[in-house]
Amino acid sequence: MSNALAMARPIVAYSHRPPPEGPALLADRADVRIWALDRSPTPDELAVHARDAIALCFFVPDRIDGALMDRLPALRILAGFGKGFDNVDVPAATERGIWVTNVATALTDATADLAWGLLLANARGVVRGDARVREQPDSGWDVAADLGRSVSGATLGVYGFGLVGRAIAERSLGFRMNVLYCDPVAPPREVEERLRARRVDSATLLAQADFVVLALPLIEATYKLIDAAALAQMKPSAMLVNPARGSIVNEAAIALALERGELGGYAADVFEHEDRQYASRPTRLLRSLVDDRRRTVFTPHLGTAVEADRVALAVAQARAVCAVLGGEVPVSAVNRV
């Protein structure tokens with residue numbers, strides 16, 4: 001029996017259905033279990049699904065804490081499908097000798113592209129215009145209908161100036177925008193010069209920007225960073241764009257600011273209800289935001305929804321698992337065990 005166990009192939013469990021290129025890299029080295037349902041598993045379901053797994057490939061909706069890890073005693077790596085890992089208790093993983101990995105670089109351009117899509121769609125009423133044409137196929141040019149906001153020459157505020165924030169700023173060059181950014185760490189001077197960006201504090205960015213784009217990770221310091229007090233510092237005409245994480249903002253405060261005419265618009269690809277690690281999170285997007293079709297634009301977490309980028313994520317995720325299976329340190333680790 002002991003010899004049979006020694007010969008057993010390691011188990012790799014996926015909590016989601018990835019592009020096949022990822023699991024294909026593991027097929028010769030492990031037994032791969034892929035979650036089959038359209039919805040994400042609950043913690044109890046995940047504990048059963050990943051039982052005896054040496055690797056768990058996780059996704060944004062999963063909540064992985066120490067209690068779940070204790071139910072997976074064979075676990076040696078938690079491999080993320082994306083950049084964020086705020087839904088994993090990394091200190092608990094480290095204490096248990098479990099690697100945690102992410103994919104930090106594969107989604108920069110895709111996320112920055114979508115951020116600009118949201119910004120332009122909200123500023124120029126693209127979604128409203130599309131709906132009007134579909135409802136009235138004979139409609140056309142109207143001097144007073146669906147007036148939007150000018151983007152060219154406006155002031156762009158980028159909150160967070162890592163890879164994604166810089167990519168967002170880079171795309172503003174063609175719009176001749178004045179770029180402000182806020183980040184505790186300044187990039188090299190040549191980056192600022194190339195992007196024509198000026199580092200300012202939070203209050204200055206919020207007060208001066210016509211468009212504020214969030215490019216921050218979700219950590220304790222950024223949880224509900226954009227709340228009623230922050231919104232009160234913004235111009236009533238300013239538009240807020242969130243392609244980062246839902247819980248960086250307070251959606252109820254945004255809804256109230258829009259209702260009172262204290263915010264010009266809100267566009268988002270991410271939502272508070274997605275962040276399961278917070279027990280107080282709402283269960284869905286507020287109806288008042290959903291119904292405000294004039295000042296809001298929403299997409300269902302499409303930041304990395306580009307085929308080539310999703311494949312790259314799956315391959316990088318699988319390579320991290322391969323490294324651990326081979327007794328190596330995964331290059332994408334966010335902890336040390």
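If you're wondering where the values come from, they're calculated on a predicted model, not measured in any experiment. Here, residue 1 is the first one in the sequence, and each next residue gets the next number.
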Without placing hydrogens or testing angles, list every side-chain donor-acceptor pair under 3.5 Å for residues 34-42, not counting sequence neighbours.
from	atom 1	to	atom 2	distance (Å)
Trp35	NE1	Arg39	O	2.6
Asp38	OD1	Arg17	NH2	2.3
Arg39	NH1	Glu45	OE1	2.8
Arg39	NH2	Glu45	OE2	2.7
Thr42	OG1	Glu45	N	3.1
Thr42	OG1	Glu45	OE1	3.4

Side chain to side chain donor-acceptor pair (under 3.5 Å) filter on Asp86, not counting sequence neighbours, yields Arg245, Gln277

Report the C-alpha distance between Tyr278 and Glu272 in whole Å, list the side-chain angles of each, state the deciding distance to 0.1 Å, and finish with yes or no for side chain to side chain contact (heavy atoms under 4.5 Å, CB included).
CA-CA 9 Å; Tyr278 301 111; Glu272 284 189 73; over 6 Å; no

Are Asp292 and Arg295 ion-paired here, with the side-chain N under 4.0 Å from a carboxylate O?
yes

Taking the hydrophobic residues Ile, Leu, Val, Met, Phe, Trp and Tyr, and joining any pair whose side-chain heavy atoms are under 4.5 Å apart, which ones share a cluster with Phe58?
Leu46, Leu56, Ile64, Leu68, Met69, Leu72, Leu75, Leu78, Phe85, Val88, Val90, Ile98, Val100, Val334

Residues passing the side-chain contact (heavy atoms from CB on, under 4.5 Å) test with Gln233, sequence neighbours excluded, are Ala203, Leu206

For Asp44, all residues meeting salt bridge (charged side-chain N to carboxylate O under 4.0 Å, His left out), sequence neighbours excluded
Arg71

Output yes when Asp183 and Arg166 qualify as a salt bridge under the 4.0 Å nitrogen-oxygen rule, no when they do not.
no

Plane angle bin for His16 and Phe81 - parallel if under 30°, tilted between 30 and 60°, otherwise perpendicular:
tilted

Test log, rule side chain to side chain contact (heavy atoms under 4.5 Å, CB included), inputs Val321 and Cys57
CA-CA 8 Å; Val321 175; Cys57 296; 3.8 Å; yes

I want to check something: taking the side chain as every heavy atom from C-beta on, are Asp210 and Arg149 in contact at a cut-off of under 4.5 Å?
yes

With clusters built from Ile, Leu, Val, Met, Phe, Trp and Tyr whose side-chain heavy atoms come within less than 4.5 Å, directly or transitively, what are the remaining members of the cluster of Val315, listed by chain and number?
Leu25, Val311

Regarding Tyr181 and Glu192, is there a side-chain donor-to-acceptor distance under 3.5 Å anywhere?
yes

Residue list, side chain to side chain donor-acceptor pair (under 3.5 Å) with Arg132, at least two apart or on another chain
Asp146

Which pairs of donor and acceptor atoms, one on a side chain in residues 301-308, lie under 3.5 Å apart (sequence neighbours left out)?
from	atom 1	to	atom 2	distance (Å)
His301	ND1	Glu274	OE1	3.3
His301	ND1	Glu274	OE2	3.0
Thr304	OG1	Arg310	NE	2.7
Thr304	OG1	Arg310	NH2	3.2

Salt bridge check: are Glu193 and Arg189 linked by an N-O gap of less than 4.0 Å?
yes

NZ/NE/NH1/NH2 to OD/OE distance under 4.0 Å, Asp70 and Arg96
yes

Taken in chain and number order and not counting sequence neighbours, the residues that satisfy salt bridge (charged side-chain N to carboxylate O under 4.0 Å, His left out) with Arg284 are none

Check side chain to side chain donor-acceptor pair (under 3.5 Å) between Ser247 and all other residues, then give those that pass, not counting sequence neighbours.
Asp275

Tell me every residue that passes side-chain contact (heavy atoms from CB on, under 4.5 Å) with Pro188, counting only those two or more places apart in sequence or in another chain.
Glu190, Val191

Angle between ring planes, Phe271 versus His273, binned at 30° and 60°: parallel, tilted or perpendicular?
parallel

What residues form a side chain to side chain donor-acceptor pair (under 3.5 Å) with Asp28, not counting sequence neighbours?
none

Ring geometry between Phe175 and Trp116 (parallel below 30°, tilted from 30 to 60°, perpendicular above 60°):
parallel

